[in-house]
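Heads up: the structure comes next, in structure tokens.
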Amino acid sequence: MRKRIAVLASGSGSNFKAIMDAMNSFGVYEVVLCISDKAGSYVLQRAEEAGIAAFSFIPKSFETKAAYEQEIINHLQQWNVDYIVLAGYMRLVGSTLLEKFEGRIINIHPSLLPSFPGLDAVRQALEASVKVTGMTIHYVDAGMDTGPIIVQQPVTIDEDETEPTLTKKIQQLEHEWYPQVIAWLCEGRLIVEGRNVHFMNKV
Ligand code: GRF
């Protein structure tokens with residue numbers, strides 16, 4: 001049985017597309033739901049075109065963050081979601097959602113964490129004049145991009161690098177690795193011990 005995935009996103013959804021494109025070749029996960037915190041974000045259009053249930057819930061139209069997240073949980077439960085994949089979801093996950101889906105939420109971030117967490121990670125790397133940055137896929141905890149790291153891949157920063165060129169290089173890696181990590185997650189190959197994530201070759 002394929003595991004059922006919900007993608008939470010705020011933006012264009014290029015990772016959503018990569019996850020969808022690789023879904024049938026891995027054959028172990030199925031994207032069943034897409035939720036955005038921004039009405040009209042392009043990811044929702046991508047989901048609708050792919051025939052995936054798509055909703056936007058706007059945090060400020062709820063009285064509390066807990067109420068906002070409870071509405072998300074209602075949908076996750078209605079769609080029998082096993083795992084949550086954050087793909088450009090520009091918001092901290094609160095305790096309501098974290099408690100319900102403990103150990104079942106992952107995120108992708110465009111830097112080698114713990115360097116450059118939070119917003120504008122690509123720009124932060126350029127401004128710091130580092131020579132190497134990259135992308136990180138990690139479990140989500142209550143902090144800002146602080147959960148146990150699953151995979152990291154480096155990208156070399158060239159002399160003439162700009163934010164768009166560097167973003168493009170990082171996103172190529174993201175699109176290659178995120179579907180693979182989701183497949184490992186769904187196959188039960190990822191074992192978390194404290195902050196360490198081990199990979200099991202055989203399940
Ligand atoms: C990605 O670079 C991801 O690392 C970050 O947000 C971006 C989302 O891009 N968390 P997209 O919406 O998948 O194109």
Side-chain angles (χ1 to χ4, degrees), residues 5 7-22 26 36-38 41-43 46 59 83-95 97-98 101-186 189-201:
I5 301 292
V7 175
L8 267 57
S10 308
S12 92
S14 69
N15 278 284
F16 174 84
K17 180 181 186 306
I19 292 163
M20 289 296 298
D21 288 349
F26 283 110
S36 178
D37 60 335
K38 289 202 171 68
S41 49
Y42 187 48
V43 70
R46 289 190 201 263
Y83 294 103
I84 302 172
V85 168
L86 308 184
Y89 180 66
M90 306 303 283
R91 182 169 296 281
L92 269 183
V93 176
S95 56
L97 188 50
L98 271 176
F101 278 78
E102 204 193 338
R104 296 191 288 151
I105 311 177
I106 62 171
N107 181 42
I108 192 161
H109 183 78
S111 76
L112 295 176
L113 292 170
S115 292
F116 316 127
L119 292 178
D120 295 324
V122 176
R123 191 178 317 154
Q124 288 186 55
L126 287 170
E127 284 173 1
S129 298
V130 293
K131 304 296 186 196
V132 177
T133 183
M135 65 103 211
T136 302
I137 299 169
H138 64 95
Y139 281 96
V140 172
D141 65 12
M144 171 83 83
D145 302 319
T146 51
I149 291 171
I150 304 168
V151 159
Q152 295 188 295
Q153 289 293 317
V155 166
T156 302
I157 300 182
D158 295 328
E159 285 282 318
D160 57 352
E161 206 76 72
T162 62
E163 201 176 331
T165 61
L166 185 52
T167 300
K168 192 165 174 213
K169 290 196 312 200
I170 292 173
Q171 287 207 335
Q172 274 170 3
L173 282 175
E174 293 186 343
H175 299 162
E176 189 182 318
W177 280 92
Y178 216 7
Q180 173 64 81
V181 168
I182 293 166
W184 287 337
L185 177 73
C186 292
R189 289 177 190 261
L190 303 178
I191 311 297
V192 188
E193 276 175 8
R195 290 203 51 81
N196 269 325
V197 182
H198 304 288
F199 177 77
M200 260 203 326
N201 244 327

Find out whether Phe199 and Leu190 are in side-chain contact, i.e. whether some heavy atom of one side chain is under 4.5 Å from a heavy atom of the other. yes

Shortest non-hydrogen separation from Asp145 to His138 and the atoms involved: CA-CE1, 3.7 Å

Kindly indicate whether the side chain of Arg123, heavy atoms from C-beta on, has any atom under 4.5 Å from the side chain of Phe116. no

How close do Gly11 and Ser41 get, heavy atom to heavy atom, and via which atoms? O-CB, 3.7 Å

Contact between Arg46 and Ser12 at the side-chain level, heavy atoms closer than 4.5 Å - yes or no? yes

Determine the minimum heavy-atom distance between Pro117 and Met144, stating which atoms define it. CB-O, 3.9 Å

Under the criterion side chain to side chain contact (heavy atoms under 4.5 Å, CB included), which of Ile108, Val93, Val7 is the partner of Leu86? Val93

Do the non-hydrogen side-chain atoms of Glu161 and Thr133 ever get within less than 4.5 Å of each other? no

Give me the atom names and distance for the closest heavy-atom approach of Ser111 to Ala121. CB-CB, 4.1 Å

Mind checking the OG-CE spacing from Ser36 to Met90? Nearest 0.5 Å is all I need. 11.5 Å

In short, Glu174 meets His109 closest at the heavy-atom pair OE2-C, 4.1 Å

Can you find a pair of side-chain heavy atoms, one from Ile150 and one from Trp177, that are under 4.5 Å apart? no

Are any of the side-chain heavy atoms of Gln153 and Val155 separated by less than 4.5 Å? no

Considering residues, nucleotides and ligands other than Lys17, do more than 12 of their heavy atoms fall under 6.0 Å from its NZ? no

Student check: side-chain heavy atoms of Leu166 and Pro110 closer than 4.5 Å: no

Side chain Thr136, main chain Leu113, donor-acceptor under 3.5 Å: yes

Give me the atom names and distance for the closest heavy-atom approach of Tyr139 to Val192. CE1-CG2, 3.4 Å

Output all residues satisfying salt bridge (charged side-chain N to carboxylate O under 4.0 Å, His left out) with Arg91, sequence neighbours left out; order by chain, then residue number. Asp37

Ile157 side, atom CD1; Thr165 side, atom OG1 - distance, nearest 0.5 Å: 9.5 Å

So CZ of Phe16 and CG of Asp21: to nearest 0.5 Å the spacing works out to 9.5 Å

Does the side chain of Asn15 come within less than 4.5 Å of His175's, by heavy atoms? yes

Working to the nearest 0.5 Å, report the span between CG of Asn201 and CH2 of Trp184. 9.5 Å

For the pair Tyr178 and Ile106, evaluate side chain to side chain contact (heavy atoms under 4.5 Å, CB included) and give the outcome as yes or no after the intermediate values. CA-CA 10 Å; Tyr178 216 7; Ile106 62 171; 3.7 Å; yes

CD1-CD1 distance between Ile19 and Ile5, expressed to the nearest 0.5 angstrom: 8.0 Å

CD/Glu102: more than 12 non-hydrogen atoms of other groups inside 6.0 Å: no

Kindly compute the distance separating CG (Asp141) from CG (Asn107), expressed to the nearest 0.5 Å. 10.5 Å

